[in-house]
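Take a look at the structure set out below.
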Amino acid sequence: IEDGTLAEPGKSYKLEDAIKIVGTCDAMCSTFERWDRILTNTVDPWEYHPSQGQTPIYDESRMVKRFRRPAAGSDDQIPSDLRPPTTLKETVDHLMQTIAPNGLENTHSFIFDRTRAVRNDFSIQSPEDEEGVSLSMDCFEQIAVWHILSLHHCSRWLHPKGERYHYEWFLDRAQAVNAFTSLIYLYADHHQTYLSPREPEMCALVLNINLMDMSFNYKARTGYFPPQVWNDPMVRRAVKLRETFEADVKGPRYSKFWDGRDVPKLINPADPESFWKELEQKEYTYLEACALEVAFYNVRLHYLNIIKKSSKRESKNPFAPQDNDEWTVENLQALLGFDSPDHTREFLTTHD
C-alpha cells in the first residue's frame with residue numbers, strides 16, 4: 001500500500017487515481033499457496049514429481065495456482081499472488097504441452113480448474129501493452145480450443161456419481177462460452193494495436209458454439225469485425241449457418257441476410273438432411289465440427305418439433321409422410337444426423 005502498488009481497503013479513489021494491479025509472482029503458484037497446500041495436504045497428483053517412488057513427493061516447480069472464487073469479506077489478491085502475463089503464458093504452455101497429453105479423462109478436472117485461475121489472473125490485471133495483449137490472446141485462444149476439444153471428447157464418457165471426478169458437460173460449455181466471450185472482447189479492444197493471427201478462426205468458433213442460442217446477439221458481436229476477419233472463409237461459413245438457422249427458428253421476418261439476400265431454409269423440404277450434408281463438406285475443419293457439435297442436441301430437438309407439428313392430420317408440410325405413422329428409425333437416423341440406428345433409438349427413447 002505504501003509503495004502504491006495496492007489499493008488501501010475501504011478507501012475511495014478517483015478514476016484517474018485508480019491503482020492498476022500488476023502481478024509479481026514469477027512461478028506458476030505463489031509461495032504462500034504452495035506452502036499452504038503442502039501443509040493441508042491438498043497437492044494434486046499432477047503436481048507430484050513424475051519419477052516418484054512408492055511415496056509421492058510433491059514438486060513445487062510443478063504446482064499450479066488453483067482457482068479461488070471471490071468470497072464476501074475476503075481481501076483482494078495481492079501482487080505477489082498474481083502472475084504476470086509472461087508467467088501465465090508459461091503456465092498455459094505447461095498445462096497444454098505437459099499435462100494435457102496424458103489424456104482428457106485423467107487431466108480434465110486439473111486443467112479445468114487451473115485454466116479458470118489463469119483467466120481470473122488476466123481479468124484482474126488487464127494488460128494493455130502490446131506484449132501483454134499478445135500473450136493474453138494466445139493464452140485465451142489455447143484455453144478456448146481446449147474447451148472445444150473437451151466438449152467433444154468428454155461427452156463420450158460419463159462418470160457415475162461417487163467416483164473421483166464427475167464430468168459436468170453444461171459447466172464445461174459455460175466456461176467455454178466465458179473464455180470465448182473474454183477473447184472476443186479482447187480482440188475488439190485492441191484492433192488498433194494488435195491483430196492475432198488466429199482471430200478469424202476464434203470468431204468463427206464462437207459463432208458456431210452459439211449456433212442454437214437465440215439470445216446470442218451475433219450481429220452485435222460481428223459488427224466490429226475488421227475486413228480481414230469478416231471476409232475469412234471460416235467466418236463467412238459460420239455467419240451463413242447462423243443466419244440460416246435463425247431464419248428457420250424465428251420465422252419469416254428473419255428470412256433475409258444482412259445484405260438483403262434471401263435466406264435458404266436450413267431444413268430443405270427437398271433434402272431434409274441438408275444441414276448434416278453441409279457439415280460433411282471438406283471445407284470444415286476439425287475444430288469447426290467440434291464447436292458445431294455443441295449445438296447438435298438442440299438442432300435435433302428442433303427437428304423433432306418440426307416432425308411433431310408436420311405429423312398432424314391434413315398437414316401440408318413437406319415433412320409429413322402420406323401416412324403419418326410411417327416414420328422409421330432409418331429415415332430419422334438420416335434426418336437427425338446419427339451414425340447408427342442404436343444411437344437414434346436411444347435419443348428417441350429419451351425424448352419420447
Side-chain angles (χ1 to χ4, degrees), residues 6 9 21-125 139-140 142-143 146-147 149-151 153-154 157-176 178-179:
L6 186 65
I21 300 179
V22 178
T24 60
C25 178
D26 58 357
M28 295 189 295
C29 185
S30 67
T31 302
F32 175 81
E33 182 179 328
R34 294 199 305 267
W35 292 358
D36 179 68
R37 289 171 53 199
I38 291 171
L39 291 174
T40 56
N41 196 27
T42 53
V43 179
D44 193 276
W46 292 109
E47 297 170 326
Y48 287 120
H49 196 280
S51 59
Q52 54 182 309
Q54 295 183 354
T55 303
I57 302 175
Y58 57 82
D59 185 350
E60 292 191 43
S61 66
R62 295 172 61 90
M63 295 180 69
V64 184
K65 180 180 179 179
R66 293 193 301 181
F67 174 72
R68 187 184 75 175
R69 188 183 300 277
S74 62
D75 296 332
D76 294 334
Q77 296 191 59
I78 59 177
S80 60
D81 289 338
L82 293 173
R83 297 160 292 182
T86 51
T87 305
L88 290 169
K89 176 65 166 62
E90 295 173 3
T91 302
V92 172
D93 289 343
H94 169 73
L95 293 173
M96 301 304 165
Q97 298 173 16
T98 304
I99 305 298
N102 292 281
L104 270 171
E105 187 168 358
N106 300 318
T107 63
H108 184 274
S109 60
F110 181 76
I111 297 178
F112 182 90
D113 178 83
R114 273 33 176 199
T115 52
R116 285 189 78 182
V118 168
R119 291 191 286 118
N120 187 57
D121 277 14
F122 270 121
S123 66
I124 294 174
Q125 299 175 83
C139 290
F140 274 94
Q142 290 192 64
I143 293 171
W146 179 84
H147 276 291
L149 297 175
S150 168
L151 287 167
H153 289 284
C154 294
W157 44 265
L158 296 174
H159 285 283
K161 293 182 179 180
E163 290 191 6
R164 177 179 176 273
Y165 181 63
H166 177 61
Y167 176 68
E168 297 286 352
W169 186 90
F170 289 99
L171 181 60
D172 202 358
R173 182 190 181 278
Q175 293 306 315
N178 290 343

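The model shown is predicted, which means the values in this text are computed figures rather than measured ones. As a basis for the values below, the full set of heavy atoms in this structure was taken, side chains included, without hydrogen atoms, waters or symmetry mates.
Without hydrogens or angle criteria, T115 side chain to F112 main chain gives a donor-acceptor distance under 3.5 Å. A donor-acceptor pair is defined here as one N or O able to donate and one able to accept, closer than 3.5 Å; such a pair exists between the side chain of Q125 and the backbone of R83. A distance-only check finds a donor-acceptor pair linking the side chain of R34 to the backbone of C29 [under 3.5 Å]. Checking side-chain atoms of Q175 against main-chain N and O of R116 turns up no donor-acceptor pair under 3.5 Å. Judged purely by atom type and a 3.5 angstrom limit, S150 has no side-chain atom pairing as donor or acceptor with the backbone of W146.
Put simply, the side chain of L82 reaches to within 4.5 Å of the side chain of K65, judged on heavy atoms. When side chains are defined from C-beta on, F170 does not count as touching E168, because their heavy atoms never get closer than 4.5 Å. Between Q142 and L95, the closest side-chain pair of non-hydrogen atoms is not below 4.5 Å.
Residues satisfying the side-chain hydrogen bond (donor to acceptor under 3.5 Å, both in side chains) test with R173, not counting sequence neighbours, are none. Residues forming a salt bridge (Lys or Arg N to Asp or Glu O under 4.0 Å) with E90 (at least two apart in sequence, or on another chain): none. Here D93 pairs with K89 under the salt bridge (Lys or Arg N to Asp or Glu O under 4.0 Å) rule; sequence neighbours left out.
Between F122 and F140, the two ring planes are tilted [angle within 30° to 60°].
The shortest non-hydrogen separation linking V118 to T91 is CG2-CG2, 4.1 Å. The two atoms that bring S30 and D81 nearest to each other are OG-OD1, 3.5 Å, heavy atoms only. The minimum heavy-atom distance between R114 and D44, with the atom names listed, is NH2-CB, 4.0 Å. Of all heavy-atom pairs spanning S80 and C25, the tightest one is O-CB, 3.3 Å. Pairing each heavy atom of V43 with each of Y48, the nearest pair is O-OH, 3.8 Å. Nearest heavy atoms, T107 versus W46: CG2-CZ2, 3.4 Å.
Remark: H108 NE2 to D172 CG distance equals 4.0 Å, nearest 0.5 Å. For the atom pair CD1 (I99) and CZ (R62), the distance works out to 5.0 Å, reported to the nearest 0.5 Å. Taking CD1 of I143 as the start and CG of N178 as the end, the distance is 11.5 Å to the nearest 0.5 Å.
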Verdict with reasoning, F67 to R119, per side chain to side chain contact (heavy atoms under 4.5 Å, CB included): CA-CA 9 Å; F67 174 72; R119 291 191 286 118; over 6 Å; no
Derivation of the side chain to side chain contact (heavy atoms under 4.5 Å, CB included) call for M96 and I111: CA-CA 8 Å; M96 301 304 165; I111 297 178; 4.2 Å; yes
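Salt bridge annotation for R37-E47: present, with a cationic side-chain nitrogen under 4.0 angstrom from a carboxylate oxygen.
Dense packing is recorded around CH2 of W169, with more than 12 heavy atoms of other residues, nucleotides or ligands lying under 6.0 Å away.
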